[in-house]
Asks: 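One structure follows; several queries about it will come next.
Everything quoted here is computed from the prediction, not taken from an experiment. Just the heavy atoms: all of them, side chains too, but no hydrogens, waters or symmetry mates, feed the values below.
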Amino acid sequence: PPPPPPPPPHFQAEDGIRDRRKSLVGSEMCIRDSGWRDGTNAKFQLSFKYRFLNPEGRLIEGVPFFSRVYFGYTQTSLWDLGEPSAPFFDTSYRPSLFYRHDRLTVWGNGRGRLWGQIGIDHESNGKAGDDSRSYNTIYVQPVLEIDRAIGSAHLTVEPRLWAYVGDLSENPDIAEYRGYGHLRLAVTGRAEWQIAATGRVGTSGKGSLQVDLTYPMDRILLRTFDAFLYAQYFNGWSESLLGYDERLPWQLRIGISVVR
């Protein structure tokens, strides 16, 4: 049979990195500043994923499975700018190892795509004593993408389900606040604006909602600054790992995202 048609433009880039042959296939750095509710605060996040083996290398010819194995890392800090000396309230460190398949199936002349990943994830805050928090999960994350799903806009539906494994003694009731999964929905317009919402509900009924809005800065700065204007709304429980069992007032932050 003839080969499948190429995917639509939304599928060409992978997390902001257009050269898919490089080992560092995706990265993001988000600076989210000027949060307000109970004082000024900021949220900083740095993420990347790394593919160990070149999918076009000779070593992969005999074991193609490993061409889809990645190491990922995310670091998130909440910065309390309203306090003397502006300390970091909490920082979480999140390494992961996962298998990712970028095209499980494609249909409609490339209009739709199903892909996903499965892996193991660790998160801790690097603190000692009573402030120490950590847990491990194994997860599965299918992703459905449909081009022109809402008029000319692109729709992404991204559920993630996980199970806790190992020691939970530092935060034994974390499932009451973070649950066993979340759902992310994103709509991207042809002008490359994007609105995304991520929701989760814990076993106690306590959950959270995060809404992210991004717009490319090069569209308003004569294509001289390759980043995104960023606004984030968060409401609910467990925004930080240290305060996983706390609900703070809703937060609104405005800043810059290098990629999304």
Asks: With distance as the sole test, does T91 use its side chain to make a donor-acceptor pair with the main-chain N or O of S77 at under 3.5 Å?
Replies: no

Asks: Quick check: does any side chain N or O of W162 sit under 3.5 Å from a backbone N or O of G179, one acting as donor and the other as acceptor?
Replies: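 Yes, the answer is positive, given that a donor and an acceptor are paired below the 3.5 Å cut-off.
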
Asks: Do the side chains of D212 and I195 get nearer than 4.5 Å, heavy atoms only?
Replies: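 Result no, sub-4.5 Å side-chain heavy-atom pair not found.
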
Asks: Looking only at side chains, do Y164 and N136 share a donor and an acceptor under 3.5 Å apart?
Replies: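 Y164 vs N136: no donor-acceptor pair found between side chains.
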
Asks: Rounded at 0.5 Å granularity, tell me how far CD1 in I118 sits from CG in L161.
Replies: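 So the CD1 of I118 and the CG of L161 are separated by 10.5 Å.
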
Asks: Please work out whether the ring planes of F52 and F71 are parallel, tilted or perpendicular, with thresholds of 30° and 60°.
Replies: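 F52 vs F71 ring planes: tilted.
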
Asks: Please determine if D131 and R133 form a salt bridge, counting it only when a charged side-chain N lies under 4.0 Å from a carboxylate O.
Replies: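 Between R133 and D131 there is no salt bridge, as every charged N stays at least 4.0 Å from the carboxylate O atoms.
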
Asks: Looking at E123 and R178, does any basic side-chain N land under 4.0 Å from a carboxylate oxygen?
Replies: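 Salt bridge present between E123 and R178.
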
Asks: For the pair R51 and E56, find out whether any cationic side-chain nitrogen is under 4.0 Å from an anionic carboxylate oxygen.
Replies: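 Answer for the salt bridge query: no.
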
Asks: Might you point out which heavy atoms bring P172 and E170 nearest each other, and give the distance in Å?
Replies: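 P172 and E170 have their closest heavy atoms at CD-C, 3.8 Å.
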
Asks: Minimum heavy-atom separation for I60 to F66, with atom names?
Replies: CD1-C, 3.9 Å

Asks: Under a 3.5 Å distance rule, please check whether R253 uses its side chain to pair with a backbone N or O of Y233 as donor and acceptor.
Replies: no

Asks: Short question: side chain of Q232, backbone of Y230 - any donor-acceptor pair under 3.5 Å?
Replies: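 Between the backbone of Y230 and the side chain of Q232 there is no qualifying donor-acceptor contact (under 3.5 Å).
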
Asks: Evaluate the ring planes of Y177 and W237, with Trp represented by its six-membered ring, and classify them as parallel (under 30°), tilted (30 to 60°) or perpendicular (over 60°).
Replies: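 The rings of Y177 and W237 sit tilted, inter-plane angle from 30° to 60°.
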
Asks: Testing the 3.5 Å rule here: is there a donor-acceptor pair between the side chains of Q194 and T188?
Replies: yes

Asks: Rounded to the nearest 0.5 Å, what separates atom OH in Y244 from atom CG in N171?
Replies: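 Result: 5.5 Å between the selected atoms.
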
Asks: Once side-chain contact (heavy atoms from CB on, under 4.5 Å) is applied, do any residues pair with T74, and if so which ones, sequence neighbours excluded?
Replies: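 By the side-chain contact (heavy atoms from CB on, under 4.5 Å) rule, T74 matches Q45, S47, T76, R94.
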
Asks: Between atom OG of S67 and atom CD of E61, what is the distance when rounded to the nearest 0.5 Å?
Replies: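 It comes to 11.5 Å.
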
Asks: Could you tell me whether the side chain of R190 and the main chain of H154 form a donor-acceptor pair under 3.5 Å?
Replies: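 Checking the backbone N and O of H154 against the side chain of R190, no donor-acceptor pair under 3.5 Å is found.
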
Asks: On a heavy-atom basis, which atom in D90 and which in L241 lie closest, and how many Å separate them?
Replies: OD2-N, 3.4 Å

Asks: Under 3.5 Å, is there a donor-acceptor pair between the Y139 and Q141 side chains?
Replies: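 No, because no side-chain N or O of Y139 sits under 3.5 Å from a partner of the opposite role on Q141.
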
Asks: Ignoring hydrogens and angles, tell me if any N or O in the side chain of R200 forms a donor-acceptor pair with the backbone of L209 under 3.5 Å.
Replies: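 Not a single qualifying donor-acceptor pair exists.
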
Asks: Would you say T156's side chain and E145's backbone share a donor-acceptor pair under 3.5 angstrom?
Replies: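 Not at all, since once roles are kept as given, no pair shorter than 3.5 Å links the two residues.
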
Asks: Not counting sequence neighbours, which residues clear salt bridge (Lys or Arg N to Asp or Glu O under 4.0 Å) with R184? List them please.
Replies: E158

Asks: For the atom pair CD1 (I256) and CE (M217), what is the distance rounded to the nearest 0.5 Å?
Replies: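 Separation between the atoms: 5.0 Å.
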
Asks: Start with the C-alpha distance between Y99 and Y70, add both sets of side-chain angles, then the distance that settles ring-ring contact (aromatic ring centres under 6.0 Å, His included), and finish with yes or no.
Replies: CA-CA 6 Å; Y99 174 87; Y70 299 81; 8.6 Å; no

Asks: Residues two or more places apart in sequence or in another chain: which of them pass side-chain contact (heavy atoms from CB on, under 4.5 Å) with S169?
Replies: D167

Asks: Salt bridge (Lys or Arg N to Asp or Glu O under 4.0 Å), that's the test. Do K43 and E239 meet it? Break it down for me.
Replies: CA-CA 10 Å; K43 186 176 182 180; E239 184 176 24; 3.6 Å; yes

Asks: Please check this pair: side chain of D121 against backbone of S96, looking for a donor-acceptor N/O pair closer than 3.5 Å.
Replies: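 No; zero donor-acceptor contacts below 3.5 Å.
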
